[in-house]
Amino acid sequence: MAGAPTSDARAALHGDGLLRALTEIALEVQRARRVADVLAVAGAGLEAIDFDVAVLVLDAGTYDVRYLSPRSELKALATVMEAALGDRRWDASWMAATGVLHASQVVGDLKGAVAGWMGEAGVAGQEAMARALKARALVAPLNVGGRVWGVIVFMRELLSEDDAGALNLFALQLGSALEVALGFERLEHRTAELELAHQLAVAGPRADIRVLTLRALETVCRTTQSNAGVLHRFDPDTDMYELVGDGYGYQGPLLEAFRRFPPPEQLVGNARPLALPVRALATSEKEVAAAGFKHLALLPLNIEGKRAGMLTLGRIADEAYGDNELYSAEILGVQMASQLERARLYDDTNRLFGDLKMSYDELARTQAELVRHERLAALGELAAVMAHEVRNPLGVIFNSLTTLKRLIRLEGDAEMLINIVGEEADRLNRIVGDLLDFVRPYELVKRPIAIEPVVVSAVDSAAQSLSQANVKVVTEFPAELPPFPADAHLLKQALVNLIVNAIQAMPKGGTVTVRAAIELRGKVAWLKLDVRDQGVGLTPRAVERIFQPFFTTKATGTGLGLAVVKRIIEAHLGEVSAAANEDGAGLTFTVRLPPGLETREAVVTPARVPAVRPPAR
């Protein structure tokens, strides 16, 4: 402080000189806006004029030291007393008995006056007291808002009765400054509460809980003068507290050590906030102290009587948390816990909705599958009846044509007409066969098979069924193609249909490429089969409909061959798709099969209607 007196002059300050010095200190004190700052400024000013100062806060018949001059002897005395008393506070009844709570008193023999009520500290306390305390003291009440907030003890070697007036006036000014500071702190706390409430209200349940928690912890730490804070939510299923986010103001090993932990011993059966020095921790005292913290505030957060979480605040300064700070932190913490509960209920609701949606989707799929099976069953019955009724006349037609060709030498138009009848009868026979193939339930049995022989056999079968000499079919296989689970017979049938379709799409000739490979989906290996042609291609609209039953772009096609392919592949729980080639010439059909042995359906194949063999030409 500017103009501070020298050490010799400090001891001589009495009367008007002391009054002027205290007035200057009081002016500095009035500028402070926090209780801790008010006491620190007052203490520093008084210590500059050779006073030792102790400020005691009274609460429910006990007192706690809020400020003590930092002289080493006084700190040693405080340490001895704290070790003797532990977490207990000293009884303030002696103050009430001496009347010091209502009027100041000058204590002429300070050491003798306090010797009796320091007995709990033993010999070590008596020795520390003898070294620390000065000869005389004045104890004055601190009145804040019309009530006794605490007392201030002015300790000095040279202290006369004439100094009491100036010191009492300073105590009154200090009480006024404390009242203003407490008002500012209450206003700040209330502002912080409203600010946090606004943040939580506008955030909604979908907000990022980690970001929201960090902002809330910043507000709480700023309001309570804490250096760090963490929030844990309580999991009733495991009876454990779980860390929310990464905390505020501290990043170190304590976060990982206390990411999950059971309820602390100090809070078992206690739902009230607890302030305690780090040395009083039952466990982890060294770890917490090594992080630099000296005081903690543990605030259990409850909603409707049930545990919701816990707010933990840490302070590096050697200053215990006050009741007002705990009260403010608890209010803010409950708001945070309410947001956690909202988020939990929102997540639970979403999870239930998701489960219901999955159940509904599964039910819809099951119903669609049931309808599909019923339709196929009805269509199968109709196809079987139709095939029986149609193939009997077809048999007669084929036999008659064969007989006519043997009995009559046909020439000209008569031969042409007979051949047309035979071709159309043959086409009708293929339509019946394709329809039966489409509606037939498959007895699909998947087991690991060698893929290359199946592909080669399908290529041979497709080539034998067609006589286009200007079409070449080539196959491509990787160096190593492991066995893959599939139904060899049905997979071959699907490949034959695809290859025949590709050959028919190239009336002017070309090359059909059949390629097999292993395709990774994440960490799962699928079988991929490509059938690529060099035909005229299709429009995008036609490609979308290409697997629909009875859709065809060929003059003599039935539109069932690719629909059969789709049924076979889907029975394998696989996928089949068609896409135009990159060069614009032709299409590529891609079959993908999963590695599992599961199938879509497993039903017995009914007896087939005997096929009618067309006459040899």
Side-chain angles (χ1 to χ4, degrees), residues 420 423-424 426-435 437-438 451-478 486 490-517 519 526-570 572 574-593 617:
I420 290 175
E423 291 172 358
E424 292 303 316
D426 186 26
R427 178 168 172 266
L428 182 59
N429 187 46
R430 289 199 309 273
I431 291 175
V432 173
D434 289 345
L435 181 60
D437 285 338
F438 174 70
I451 298 300
E452 185 172 347
V454 174
V455 174
V456 171
S457 177
V459 170
D460 293 340
S461 298
Q464 291 175 6
S465 65
L466 297 168
S467 58
Q468 291 178 250
N470 56 347
V471 173
K472 181 173 64 174
V473 181
V474 298
T475 57
E476 296 180 4
F477 301 101
L490 292 178
L491 180 59
K492 176 184 174 181
Q493 180 181 345
L495 289 173
V496 168
N497 287 7
L498 289 175
I499 297 170
V500 168
N501 181 79
I503 294 174
Q504 292 175 346
M506 298 186 298
K508 296 181 180 181
T511 301
V512 176
T513 304
V514 182
R515 183 183 298 110
E519 180 179 73
W526 284 51
L527 175 64
K528 180 182 178 183
L529 298 169
D530 291 331
V531 178
R532 177 189 177 100
D533 64 58
Q534 297 176 329
V536 295
L538 295 174
T539 64
R541 175 61 177 165
V543 172
E544 291 179 2
R545 301 179 57 195
I546 199 167
F547 293 106
Q548 294 179 5
F550 304 108
F551 174 80
T552 182
T553 59
K554 303 168 188 172
T556 60
T558 64
L560 291 172
L562 295 180
V564 170
V565 172
K566 184 176 177 64
R567 280 202 61 204
I568 292 175
I569 301 306
E570 288 184 347
H572 281 78
E575 304 168 357
V576 60
S577 61
N581 294 331
E582 297 83 355
D583 56 7
L587 295 176
T588 296
F589 288 85
T590 300
V591 172
R592 292 181 173 89
L593 298 179
R617 297 180 182 177

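Side chains are part of it too, since the values below use all heavy atoms of this structure and drop only hydrogens, waters and symmetry mates.
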Kindly give the heavy-atom pair with the smallest separation between I503 and V512, and that separation in Å. CG1-CG2, 4.1 Å
Inter-residue atom distance L490.CG - R567.CZ, 0.5 Å rounding: 10.0 Å
Closest approach of S457 to K492 (non-hydrogen atoms, all atoms of both residues): OG-NZ, 2.9 Å
Looking only at heavy atoms, the pair that brings A516 and P478 closest together is O-CD, 3.0 Å
Spatial distance of atom CD (E582) from atom CZ (R532) [nearest 0.5 Å]: 5.5 Å
Test log, rule side chain to side chain contact (heavy atoms under 4.5 Å, CB included), inputs L562 and L498: CA-CA 7 Å; L562 295 180; L498 289 175; 3.7 Å; yes
Identify the residue among T513, N581, D530 that makes a side chain to side chain donor-acceptor pair (under 3.5 Å) with T588. N581
Contact between L495 and V565 at the side-chain level, heavy atoms closer than 4.5 Å - yes or no? no
Tell me if a side-chain donor or acceptor on D533 pairs with a main-chain N or O of L587 at a distance below 3.5 Å. yes
Judged by atom type as modelled, is there a donor-acceptor pair below 3.5 Å linking the side chain of Q534 to the main-chain atoms of T511? yes
Any idea which heavy atoms bring S461 and V496 closest together, and the distance? CB-CG2, 4.0 Å
Are E452 and T475 side-chain neighbours, meaning at least one heavy-atom pair lies under 4.5 Å? no
Search all heavy atoms of A517 against all heavy atoms of L527 and return the closest pair with its distance. O-CD1, 3.6 Å
So, do L529 and L491 sit near enough that their side-chain heavy atoms are less than 4.5 Å apart? yes
Of all heavy-atom pairs linking G574 and L593, the shortest is CA-CD2, 4.2 Å
